[in-house]
Structure formats: structure tokens, C-alpha cells
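What follows is a short report on a single structure.
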Amino acid sequence: MLTKSEKTSQFIIQVVAPIFNKNGYAATSMSDLTKATGLTKGAIYGNFKNKEELALAAFNFSIKYIIKGIEKHVEITDSPLERLYLLIDFYRSYYDFTLAYGGCPILNVGIDSNHQQTPLYLRTKGIIIKLNKRLMELIDAGKKMHEIKPSISSEKYATLIFSMIEGAIFMSFTMQNKKYLIDVMAYIDTLITNEIKL
């Protein structure tokens, strides 16, 4: 059972996560946060010691939303190869999936906090490393189950696929057109079939 303070903290995070994601850390003011939550500055800082801690909690909340979406989409099969195809399929609808949240938090926060050794930047960098590693582990699992060519470099293809996904996300949100994601995911499907699949 959550305490009143924990419930308030969760409420604040849920409300402010899309605001930080859309506006960026520097451009999000305390007045934006108090207006959105209906709470005073003192009430917000009674739950978070500063704006940076709140931004970090909001980023973590957004990332969990995305990871849960991916896991739900790929959990219908135990096949690593099919999971790889399903992962790519998830990103076909990623534009709509994250639109209400202001776009991709990894991309937004990564660009917004770049060149700054802040906890927010370091957390974003850590998430990128973690997601890339998960993709590499999925390819490795496919090799073990004789679904993916044993000769390919898991690290190389994981990085290549992840980079193409993030590039497509950048193009789709910058141009406000989801066709970039749809087209690049179709290309990655072909790449998997022609170069990765055994």
C-alpha cells in the first residue's frame, strides 16, 4: 500500500513526464509544473529535492512506458528471431505510441542533455547502452537456437539496427511524418531476412 507521499510523487511524475519530454529540461519552468499538477512549488519540492531529480524520475517513467510496450509486443513468442521481427514491428507504430508523450524520450533527452555530464545525460546514455545490449543478446539467443547465422557479429548488427531505429525516429518526429519509421522498419525486416536469418 502506497503512502500519501508516494501517491503524490507518482502523480507528479505521471503529469510532468510528457512536459519534460516535449519541452526539454532547461525550457521546462517551475510554473509549467505547478500549473500542470495544480500543486505549489513547495509541494513539488517536498517530494523531490530539486528539478533535476524530478526530471530524472520523469525520464525513468517514460522509459518504463516504452519498455513495457516493447515487452508486451514481443512476449507472444519464445523464438528470438520472431521476437526480433516483432521488435521491428513495434517501431512501425512508435510515432503514434509516443506522440502523446512528446516523442521518443531517449532521443529528446539525449539531444537536450548532450555535452553535459549530468545525471540525466548519464542515465540516457546508460539506457541506450542497455537497449543495445538487449538487442545483441536477442541476436545471440537466435544463434544458439539455430535461427540466426552464427557467423554474423551480434554487436555490429545490434548497433546497426538500433542506430537505424533511432535515426528513423528522429526523421519521423522532425518531419512530423511516420512514413520514415514505416519505411526504415521495412528495410530492417529485409536486412534481417537477407543477412541475419539462418
Side-chain angles (χ1 to χ4, degrees), residues 20-22 24-25 56 59-60 62-75 77 79-99 101-144 147-198:
F20 274 116
N21 196 28
K22 288 174 187 175
Y25 175 77
L56 189 58
F59 175 70
N60 288 334
S62 297
I63 290 299
K64 283 178 185 175
Y65 169 74
I66 290 167
I67 290 173
K68 282 181 183 177
I70 293 170
E71 288 174 347
K72 185 178 179 182
H73 200 77
V74 305
E75 69 183 5
T77 179
S79 161
L81 180 65
E82 288 305 314
R83 283 191 169 207
L84 188 57
Y85 280 119
L86 285 168
L87 173 68
I88 303 311
D89 184 61
F90 170 80
Y91 281 100
R92 282 186 174 86
S93 57
Y94 190 73
Y95 185 87
D96 293 325
F97 185 77
T98 59
L99 193 60
Y101 278 78
C104 176
I106 297 169
L107 187 67
N108 291 349
V109 177
I111 291 171
D112 185 53
S113 64
N114 202 6
H115 306 300
Q116 303 171 52
Q117 292 299 315
T118 62
L120 194 57
Y121 168 73
L122 295 173
R123 175 65 175 149
T124 309
K125 191 175 177 182
I127 287 292
I128 291 170
I129 292 167
K130 185 177 180 180
L131 291 174
N132 200 72
K133 186 181 177 185
R134 281 192 182 182
L135 191 51
M136 188 169 67
E137 288 168 351
L138 188 60
I139 294 170
D140 281 336
K143 288 181 182 181
K144 288 177 183 175
E147 296 180 339
I148 289 174
K149 293 175 183 175
S151 59
I152 69 158
S153 166
S154 300
E155 183 178 4
K156 174 187 170 182
Y157 276 92
T159 303
L160 185 64
I161 290 168
F162 189 76
S163 298
M164 284 192 285
I165 290 170
E166 285 300 320
I169 291 168
F170 173 80
M171 288 299 293
S172 282
F173 278 99
T174 302
M175 303 306 290
Q176 297 179 347
N177 190 335
K178 55 189 167 186
K179 86 174 188 69
Y180 295 95
L181 270 164
I182 293 167
D183 290 347
V184 172
M185 295 314 109
Y187 176 79
I188 296 174
D189 269 349
T190 302
L191 178 76
I192 294 168
T193 301
N194 293 341
E195 296 186 30
I196 298 176
K197 182 180 177 183
L198 187 62

Exercise for review: Might you point out which heavy atoms bring Asn194 and Lys149 nearest each other, and give the distance in Å?
Suggested key: O-NZ, 3.4 Å
Review point. Which distance, rounded to the nearest 0.5 Å, do you find between the CG of Leu138 and the CD1 of Ile161?
Key: 9.0 Å
Review point. Salt bridge between Glu147 and Arg83, side-chain N to carboxylate O under 4.0 Å?
Key: no
Practice item. Identify the heavy atoms of Leu86 and His73 that sit nearest to each other, and give their distance. Key: O-CD2, 3.0 Å
Exercise for review: Classify the ring geometry between Tyr101 and Tyr65 as parallel (under 30°), tilted (30 to 60°) or perpendicular (over 60°).
Suggested key: parallel
Exercise for review: Measure across Asn21 and Gly102 and return the closest heavy-atom pair with its distance rounded to 0.1 Å.
Suggested key: ND2-C, 3.7 Å
Review point. To the nearest 0.5 Å, what is the distance between OH (Tyr157) and CG (Leu191)?
Key: 6.0 Å
Check your understanding: Given Asp189 and Arg92, is the side chain to side chain contact (heavy atoms under 4.5 Å, CB included) satisfied, shown in steps?
Key -> CA-CA 11 Å; Asp189 269 349; Arg92 282 186 174 86; 2.4 Å; yes
Review point. Any side-chain heavy-atom pair from Ile192 and Ile148 closer than 4.5 angstrom?
Key: no
Review point. Taking all non-hydrogen atoms of both residues, which atom of Ile106 and which atom of Thr124 are closest, and how far apart?
Key: O-CG2, 3.6 Å
**Study point:** Any side-chain heavy-atom pair of Leu198 and Lys143 under 4.5 Å
**Key:** no
Practice item. Return the minimal non-hydrogen interatomic distance between Ile169 and Cys104, and the atom names on each side. Key: CG2-CB, 3.5 Å
Review point. Within the side chain of Asn108, is there an N or O that forms a donor-acceptor pair under 3.5 Å with the backbone of Lys22?
Key: no
Practice item. Check whether any side-chain heavy atom of Glu195 sits under 4.5 Å from a side-chain heavy atom of Leu160, and report yes or no. Key: no
Review point. Taking it one step at a time, do Met185 and Ile165 satisfy side chain to side chain contact (heavy atoms under 4.5 Å, CB included)?
Key: CA-CA 7 Å; Met185 295 314 109; Ile165 290 170; 3.9 Å; yes
**Study point:** Distance, nearest 0.5 Å, that separates CD1 of Ile139 from CD1 of Ile196
**Key:** 5.0 Å
Revision key, fill the gap. Between the CZ atom in Phe59 and the CD1 atom in Ile127, the distance rounded to the nearest 0.5 Å is 5.5 Å
Review point. Residues in side-chain contact (heavy atoms from CB on, under 4.5 Å) with Lys197, at least two apart?
Key: Leu81, Tyr85
Study note, to complete from the structure: Between Thr118 and Ser113 the two heavy atoms that sit nearest each other are OG1-CB, 4.4 Å
**Study point:** Gap between atom OG of Ser154 and atom CG of Leu135 - 0.5 Å precision
**Key:** 9.5 Å
Review point. Are side-chain heavy atoms of Phe162 and Ile128 found at a separation under 4.5 Å?
Key: yes
Point to revise | Tyr91 vs Leu87, side chain to side chain contact (heavy atoms under 4.5 Å, CB included): CA-CA, chis, key distance, verdict | key: CA-CA 7 Å; Tyr91 281 100; Leu87 173 68; 3.9 Å; yes
Point to revise | Distance (rounded to the nearest 0.5 Å) between Ser172 OG and Ile182 CD1 | key: 7.5 Å
Give the table of side-chain donor-acceptor pairs shorter than 3.5 Å for residues 173-181, with sequence neighbours excluded, one pair per line with atom names and distance.
{"residue": "Thr174", "atom": "OG1", "partner": "Phe170", "partner atom": "O", "Å": "2.6"}
{"residue": "Asn177", "atom": "OD1", "partner": "Lys179", "partner atom": "N", "Å": "3.0"}
{"residue": "Lys178", "atom": "NZ", "partner": "Asp96", "partner atom": "OD2", "Å": "2.8"}

Practice item. Quick one: list whatever passes side chain to side chain donor-acceptor pair (under 3.5 Å) with Asn132, sequence neighbours left out. Key: Thr159
